[in-house]
Asks: 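I'd like to ask some things about the structure below.
Being a predicted model, the structure only gives us computed values, none of them experimental.
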Amino acid sequence: MIRFVLRRLLAAAVLLLIVLTLAFAVVALAPGDPMAPTDPRIPPEQAERLRALYGLDQPLPVQYVRWLGAVVLHWDWGQSYRTGQPVAELLFDALPPTLLLAGAALLAQYLLGIGLGLLAASRPNSRLDLGVRVASLVVYALPTFWVGLMAVLVVAVGLGLAPAGGMTAAAAFELGPLAAALDVLAHLWLPALVLGLSMAGDIARYTRSSLIEFQATEAGRAARARGLSETRILLVHGLAHAAPRLLQLASVSAPLLLSGAVVAEVVFAWPGLGTATLVAIQSGDIPVVLAATAYGAVLVIAASLAADLLLTRLDPRISVE
Amino acid sequence: MIPVVAMRLLAAAGLAAILGWGCASDTPRDTTRLTVGMRFEYPTPNELIGPPTLSYSAISNQFFLPLMAEQPDFRDGPPTWAPGLATDWEFSEDRLQLTVRLRQDARWSDGEPVTAEDVRFSWLAQTDPDIGWSYSFYKESITDVEVIDATTVRFHFDAAGPTALADVSTGLILPKHAWEPRPFAEWRGDPGWFFENLVTSGPFLLENRTPGQELVLGRNPDYFEDGLPRLERVVLRTASDGAALTNLLLAGEVDVATGLGATDAQRITNQPDLRLIAYPNRQFTFVSWNTQRPWFQDAETRRALAMAIDRQAMVDTIWHGYAEVGNSPIISSVWAHDAGLEPWPHDPRAARDALAAAGWTDGDGDGILERDGVPFRFELATFAGAPARWDAMQMIQANLRAIGIDAQPRRVEPGALIQRMRDKDFDAAASAFAIDTSLDLRYAFHSRSIPGGDNYAAYANPELDRLLDSFATRLDPSAGLEDLHRLQRILHDDQPILVLWEPLTLAAFNEELESVEPNALSPLANLEEWAWR
């Protein structure tokens, strides 16, 4: 197991290096000057001064080696061109909200997806089953930004059942720990639901097909022959059968969740990695774009590795050696 | 059974608590506090290393003050100045020196007095190359800042000029005792340090900061103006997206939203508890015709283009009326604007006739005009990420296609397009300028600004050069009004650029707020006087 993990970590490091190099090359070779002053009254010498301050007056290979060296040796991603903040600090602030939102969305998508899958599998080919399947396809097809905008307009602005945006209420720093936690949860549930909804359809379809498939297996027939209730068969034995497949979906949904988080964060004014990345892209803030790309890659690789390791635990047929 | 029931009850109670917490409540408004939604984050209280934007300055001005403050009366005449940290000022006879006296009662929030040493320290920082302040060019004419005594300071200039007060007052006075320990060379490396070492002299203090989310300003009890600010606390919330900001406003989670888009404003107009304010912002958007390219070398052709393009339609459809058709780089909200100038009318027939007179005909019958074998086909570039301008480019394409001109819109990364425009490596391009009240337009239209500069159209006119040079050295700008009118007439007739529109800035406020007067200089102007009724 340790050798497997080490092998995967080594492969992940190589993959990350490739991602970083490609990202650097694409950004560096793109046309444009991030230091070009947009206010014409600012003299061009000012841009020269800033280029020198940020090391952009050096040849590209030198810039690359310096940048990569600083990242690897000191976890120094440079400074934001837009705000001057150290990028590591900026993303350190932005990462926890994104992890919280993505984690909650993952939970929402599995709870919803498994719940709907169970409902559909309990009455295969019934109207209920058809309804769940159609609903799954519809939510899968709906773009997150549209669902998000509608959710804010109807649930938050219209009905007042949730805050319209942000991660906390204004001046929430004054709240006690319990009130602060409730405040974050009140702001979290709607964006997490919206973000989780798109993948929930997929989970529902996988759950349904796995459970129906299980009912036809010898194990399923044996469980029924032992007189177990349908609920127990589906909930305990059926879900155990479906678990490895559903887990594999988690590693697939990690990149989708991250890309979806960019949209959901903007719509819900959620202060995470997605918002930071979008603002950086719009303002040509190259160091932040590069670091956010790397953070995204690390998250996807980590999710994939975690899913693989869990899979080996859940499915005895899979060996890592 | 009981534990299951208890667990269900607990879960239901938890859910109710979460939903209840997020629900809009009818609790009475806390009239000591205001929440403002803004579309950007405030990265550092040190303006010398912060972004050079109006929204950023608007917040910095709550912490620090300039010596004098420019007044928003530029519609009536050349800019005037009101005391800030300075009480009064006086030029020497040759106008090479300006003596400024500071308020005796101004204090930093840690109790230290604001002194002439702070003024000199600020100037040293503003002009330090290691810091690289974006607006250091304002200080180029200042050769020294001399401390006379604790509350008197003297500015020395290399030449007498009309912009001396603007040069002196641009930039805020920074706390020497708090920030001097940090060498200038390290300022850009750690903008967060200035939050940790923030002492203020303005109306507000920093109470709390949550990165990416909010900045909480508290009333500065030591502020020298009695009874101000009227609010105890102002929370500045961040929402990077205009629609998200509007949602926060509609849901009552922010009381004020600044920097709204025209589409967002449409959603606010029918809300009885909100007031929408649209005010001029000293910007104009224009198309530069590169006069070094064969299509745009003669004024007759450029005038025809002006008549072919329906700018009123752009204002109506893209801006939903929250803009005005422009016809001069000295925009209509500035005192020197020539109100006698009539925008070129949208008249495709006249445009077609003018083009024919200029030698443009469709000889080969392909629907595109030609002259001397050159088809009237060019690239019309604009910045990527500027949706209003991109929409305008599509409308220009359609307008020009109707008279036999093939304009091909293209989006280009802003930095790359600016460079191409400075290198004159473009056909036609849309961009925007913000003008300051000095009205020194040499950077945009003087022939000296053609090579590598911001005279994008590469327009050279000796009479215009003379007028620009003459106005820039006038000590009394109002005496140069005739020159400015003549200058505008030349640009109007020759059309090196076509001014498309002057946008209005949009902000929305809760109806119950009073004394809210945002202006072109700051969306948070006179924030210290804002209060709930």
Side-chain angles (χ1 to χ4, degrees), chain A residues 30-44 46 49-50 53 79-80 82-86 89-90 93-94 97 149 152-153 156-157 160-173 179 182-183 185-187 189-190 266-269 271-272 275-276 278-279 282 284, chain B residues 17-24 33 35 40-41 43-44 49-52 129-130 132 134-137 188-192 208 210-214 216 233 235 237-241 243-245 247-248 250-251 253-254 385 412-419 422 433-434 436 443-444 452 454:
Chain A
D33 174 8
M35 293 298 147
T38 45
D39 184 337
R41 293 168 303 166
I42 299 173
Q46 175 64 16
R49 229 181 285 169
L50 289 175
L53 274 171
Q79 278 179 269
S80 158
R82 189 177 60 88
T83 67
Q85 283 172 284
E89 197 179 281
L90 199 147
D93 290 333
L149 280 174
V152 174
L153 285 179
V157 177
L161 288 175
M167 187 169 147
T168 61
F173 70 99
L182 276 175
D183 183 40
L185 285 173
H187 283 79
W189 74 265
L190 191 57
V266 171
V267 171
F268 287 93
T275 301
L278 191 77
V279 171
Q282 286 171 340
Chain B
I18 292 166
L19 285 173
W21 192 273
C23 282
R33 172 178 126 164
T35 305
F40 84 110
E41 194 184 349
T44 174
I49 56 172
D130 285 335
S134 297
Y135 293 112
S136 58
F137 64 89
R188 276 207 175 262
D190 189 5
N208 189 64
T210 310
Q213 296 181 62
E214 66 179 23
V216 183
R233 176 183 279 177
V235 182
R237 290 191 72 177
T238 303
S240 59
D241 179 64
L245 181 57
N247 289 334
L248 288 171
L250 293 173
E253 289 168 47
V254 299
V412 183
E413 192 275 328
L417 184 55
I418 289 174
Q419 198 52 53
R422 286 183 174 151
F433 277 166
D436 67 14
Y443 66 88
D454 294 307

Asks: Which heavy atom of B:R233 sits nearest to which heavy atom of A:A171, and what is that distance?
Replies: NH1-CB, 3.9 Å
Asks: Give, as side chain, backbone, both or neither, the part of B:T210 having an atom under 4.5 angstrom from any heavy atom of chain A.
Replies: neither
Asks: Taking every non-hydrogen pair under 4.5 Å, which of B:P191, B:A239, B:G50 racks up the most with chain A?
Replies: B:P191
Asks: Using 0.5 Å steps for rounding, measure from the CG atom of B:D241 to the CD atom of A:Q282.
Replies: 8.5 Å
Asks: Check whether B:D436 gets within reach of chain A through its side chain, its backbone, both or neither, counting any heavy atom under 4.5 Å.
Replies: both
Asks: Do you know which of B:L250, B:D190, B:L248 has the most heavy-atom pairs with chain A at a distance under 4.5 angstrom?
Replies: B:L248
Asks: Which residues pass the side chain to side chain contact (heavy atoms under 4.5 Å, CB included) test with B:T238, sequence neighbours left out?
Replies: B:E41
Asks: So which heavy atom on B:E253 is nearest to which on A:A162, and how close?
Replies: OE2-O, 4.5 Å
Asks: Under 4.5 Å from any heavy atom of chain A, what part of B:I49 do you find: side chain, backbone, both or neither?
Replies: backbone
Asks: Only pairs of heavy atoms separated by less than 4.5 Å count here; which of A:A170, A:G84, A:G284, A:A269 has the most with chain B?
Replies: A:A170
Asks: If every non-hydrogen atom of A:V266 is compared with every non-hydrogen atom of B:A244, which pair is closest and at what distance?
Replies: O-CB, 3.5 Å
Asks: What residues, two or more places apart in sequence or in another chain, satisfy side chain to side chain contact (heavy atoms under 4.5 Å, CB included) together with B:A444?
Replies: B:F433
Asks: If you count heavy-atom pairs within less than 4.5 Å of chain A, which of B:T35, B:D454, B:N208 leads?
Replies: B:N208
Asks: If I compare all heavy atoms of B:P43 with all of A:Q85, which pair ends up nearest, and what's the gap?
Replies: CB-OE1, 4.0 Å
Asks: What closest approach, in Å, do B:N247 and A:A164 show between heavy atoms, and which atom pair accounts for it?
Replies: O-CB, 3.7 Å
Asks: What pair of heavy atoms forms the shortest contact from A:T168 to B:R237, and how long is it?
Replies: O-NH2, 3.0 Å
Asks: Examine whether an atom of A:L153 lies under 4.5 Å from a heavy atom of chain B, and if so say whether it belongs to the side chain, the backbone or both; otherwise answer neither.
Replies: side chain
Asks: Between B:G189, B:S240, B:G192, B:S136, which has the largest tally of heavy atom pairs under 4.5 Å with chain A?
Replies: B:G189
Asks: Which atoms of A:A172 come close to chain B, meaning under 4.5 Å heavy atom to heavy atom: side chain ones, backbone ones, both, or neither?
Replies: backbone
Asks: Name the member of B:G212, B:G385, B:S134 that forms the most heavy-atom pairs with chain A at distances under 4.5 Å.
Replies: B:S134
Asks: Who among B:P129, B:P52, B:A243, B:A434 has the most heavy-atom pairs with chain A under 4.5 Å?
Replies: B:P129
